There are 2 protein chains.
Amino acid sequence: MPHSPQKATLLDRCEAHGLRLTDQRRVIAQVIEAARDHPDVEALHARANAVDPRISIATVYRTVKLFEEAGLLERLEFGDGRARYEDAERDHHDHLIDMATGEVIEFCDPEIERLKEAIARRLGYRLKGHRLELFGIKLKR
Amino acid sequence: MPHSPQKATLLDRCEAHGLRLTDQRRVIAQVIEAARDHPDVEALHARANAVDPRISIATVYRTVKLFEEAGLLERLEFGDGRARYEDAERDHHDHLIDMATGEVIEFCDPEIERLKEAIARRLGYRLKGHRLELFGIKLKR
DNA sequence: TTAACTGCAAATCTTTTGCGAGGAA
DNA sequence: TTCCTCGCAAAAGATTTGCAGTTAA
């Protein structure tokens, strides 16, 4: 079976952007890449500290901001007052938040993506970013 | 020409919810209803103070939270760290944010609304809330 | 070498809350 | 009368920043 094309690691993309690679940034990038959820800064700091306890939370804040400004990370807000982050290189998707449990389900619908583009164009804009969040309650059975 | 059905004022809906009507809440409700933009708490406080300078910002925070929990207001987040509010009774719409100017354009697309419902259902959820924000740059010409 | 980066602690910003006084029902 | 609400000021939570020492390139 064919395998999907290898994507550049977050670390490689940092380098490609000319960012200086420190030990701290290496660890933080690795933690983000390994994440299968949507960690906030506190969670990233905890995970990074498990690898290297010298990493301060200020550095995590500075690093996610830097990465986000470089377009390497996407900042998410689920309405609980904390920012969450995920690797921007992942295939685009939207989020459905389970209002009962806080669980976040990712999904991607090509038709809705197409509509986003079309609506922006109709309003006279080039679409640069977009965010769709659904909030729901699990149906019984 | 026919006129659209009269909607209950925010104040009436407060009363219908059994909320105690104080001078402060009356002013704040009136300010929200008169708003044609998406004011944050600071802006609401400033406008309320223009009517009655005795209204503290703590009361504005408490009131918007109360109104939101009663389902009378919708809380919006445009990614700048401050919550914004609008009357929940207004017809549903989404937002396109002009990344150059911060201007917010409202729109409503029936097809996208239908899709939101369909996607939630497909994932096994009943849709209770949703938020779509497009970020764009104005096309030349 | 040197500009960029880091940890620490203090500062900032938004939002919440304890308390005693005052007001709606 | 009896809670509920208010203003004030302090507290809390998330994020940013000044500073002086450290490090990648």
Side-chain angles (χ1 to χ4, degrees), chain A residues 11-32 38-70 72-85 102, chain B residues 10-12 14-32 38-70 72-85 102:
Chain A
L11 212 55
D12 287 346
R13 283 175 279 140
C14 286
E15 211 159 15
H17 271 262
L19 300 182
R20 184 183 289 191
L21 289 187
T22 65
D23 290 348
Q24 289 87 336
R25 290 184 184 172
R26 254 184 271 271
V27 172
I28 293 167
Q30 182 182 314
V31 163
I32 290 169
H38 304 84
D40 58 24
V41 170
E42 198 182 338
L44 290 176
H45 180 231
R47 296 176 200 180
N49 259 300
V51 179
D52 180 348
R54 294 172 320 162
I55 301 175
S56 78
I57 197 159
T59 294
V60 179
Y61 272 109
R62 280 190 273 234
T63 302
V64 291
K65 177 176 246 194
L66 179 80
F67 286 3
E68 193 207 346
E69 282 164 356
L72 307 174
L73 277 193
E74 195 162 336
R75 184 209 299 256
L76 306 171
E77 284 174 66
F78 293 156
D80 60 355
R82 281 165 295 175
R84 291 152 184 283
Y85 294 88
Chain B
L10 180 50
L11 213 55
D12 287 345
C14 287
E15 212 159 15
H17 271 262
L19 300 182
R20 187 182 285 190
L21 289 185
T22 64
D23 290 348
Q24 289 87 337
R25 290 183 184 173
R26 255 184 272 269
V27 171
I28 293 167
Q30 181 182 313
V31 163
I32 290 169
H38 305 83
D40 58 24
V41 170
E42 198 182 339
L44 290 176
H45 181 231
R47 294 176 201 180
N49 260 299
V51 179
D52 181 347
R54 295 173 318 161
I55 299 174
S56 79
I57 196 159
T59 294
V60 180
Y61 272 108
R62 280 191 272 235
T63 302
V64 291
K65 177 176 247 196
L66 180 80
F67 285 4
E68 194 208 345
E69 282 165 356
L72 307 174
L73 278 193
E74 194 162 336
R75 184 211 298 257
L76 307 171
E77 284 174 66
F78 293 157
D80 60 355
R82 280 166 295 175
R84 292 155 184 282
Y85 293 88

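Letters A, B, ... are given to chains in the order of the sequence lines, protein chains preceding strands, and every chain is numbered from 1. The model shown is predicted, which means the values in this text are computed figures rather than measured ones.
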At 4.0 Å (heavy atoms only), tell me whether [X] reaches a base, stays on the sugar-phosphate, or touches nothing.
{"X": "B/Leu21", "answer": "sugar-phosphate"}
{"X": "A/Arg82", "answer": "sugar-phosphate"}
{"X": "A/Arg25", "answer": "sugar-phosphate"}
{"X": "B/Ile55", "answer": "sugar-phosphate"}
{"X": "B/Gln24", "answer": "sugar-phosphate"}
{"X": "B/Arg62", "answer": "base"}

To the nearest Å, give me how far apart [atom1] ([X]) and [atom2] ([N]) are.
{"X": "B/Asp52", "N": "D/dT5", "atom1": "CG", "atom2": "P", "value": "18 Å"}
{"X": "A/Arg54", "N": "C/dT6", "atom1": "CZ", "atom2": "C1'", "value": "10 Å"}
{"X": "A/Phe78", "N": "D/dA14", "atom1": "CZ", "atom2": "C1'", "value": "17 Å"}
{"X": "B/Ile57", "N": "C/dT17", "atom1": "CD1", "atom2": "C1'", "value": "15 Å"}
{"X": "A/Glu15", "N": "D/dA24", "atom1": "CD", "atom2": "P", "value": "13 Å"}
{"X": "B/Leu66", "N": "C/dT15", "atom1": "CG", "atom2": "P", "value": "17 Å"}
{"X": "A/Glu42", "N": "D/dA12", "atom1": "CD", "atom2": "P", "value": "16 Å"}
{"X": "B/Glu77", "N": "C/dT15", "atom1": "CD", "atom2": "C1'", "value": "12 Å"}

Over all heavy atoms of both residues, which pair between A/His45 and A/Ile57 is shortest? Give the atoms and the distance, please. NE2-N, 3.3 Å

Shortest non-hydrogen contact from B/Leu44 toward B/Pro39: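 That closest heavy-atom pairing would be CD2-CG, 3.6 Å.
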
Hey, does B/Leu21 have a side-chain heavy atom less than 4.5 Å from the side chain of B/Arg26? yes

Does any part of the side chain of A/Leu19, heavy atoms only, come nearer than 4.5 Å to the side chain of A/Leu72, both counted from C-beta?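 Of all side-chain heavy-atom pairs linking A/Leu19 with A/Leu72, at least one is under 4.5 Å.
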
If you check the [X] side chain, which of [options] turns out closest?
{"X": "B/Val41", "options": "D/dT5, C/dT17, C/dT15", "result": "C/dT15"}
{"X": "A/Arg20", "options": "D/dT23, C/dA9, C/dT17", "result": "D/dT23"}
{"X": "B/Lys65", "options": "C/dT16, C/dA3, D/dC6", "result": "C/dT16"}
{"X": "A/Ser56", "options": "D/dC8, C/dC8, D/dC4", "result": "C/dC8"}

Taking only side-chain N and O atoms of B/Thr22, does any of them lie within less than 4.0 angstrom of OP1 or OP2 on D/dC4? no

Contact under 4.0 Å: A/Tyr61 side-chain N or O vs D/dT15 OP1/OP2: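 Result: yes.
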
Please enumerate all residues that pass side-chain hydrogen bond (donor to acceptor under 3.5 Å, both in side chains) together with A/Asp23, with sequence neighbours excluded.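 By the side-chain hydrogen bond (donor to acceptor under 3.5 Å, both in side chains) rule, A/Asp23 matches no residue at all.
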
Give a yes or no on whether the backbone of A/Arg20 and the side-chain of A/Arg25 come within a donor-acceptor separation of less than 3.5 Å.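 Yes, A/Arg25 side chain to A/Arg20 backbone: donor-acceptor pair under 3.5 Å.
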
Identify, between B/Asp23 and B/Gly81, the residue whose nearest nucleotide on DNA chain C lies closer to the 5' end.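 Its nucleotide being nearer the 5' end, the pick is B/Gly81.
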
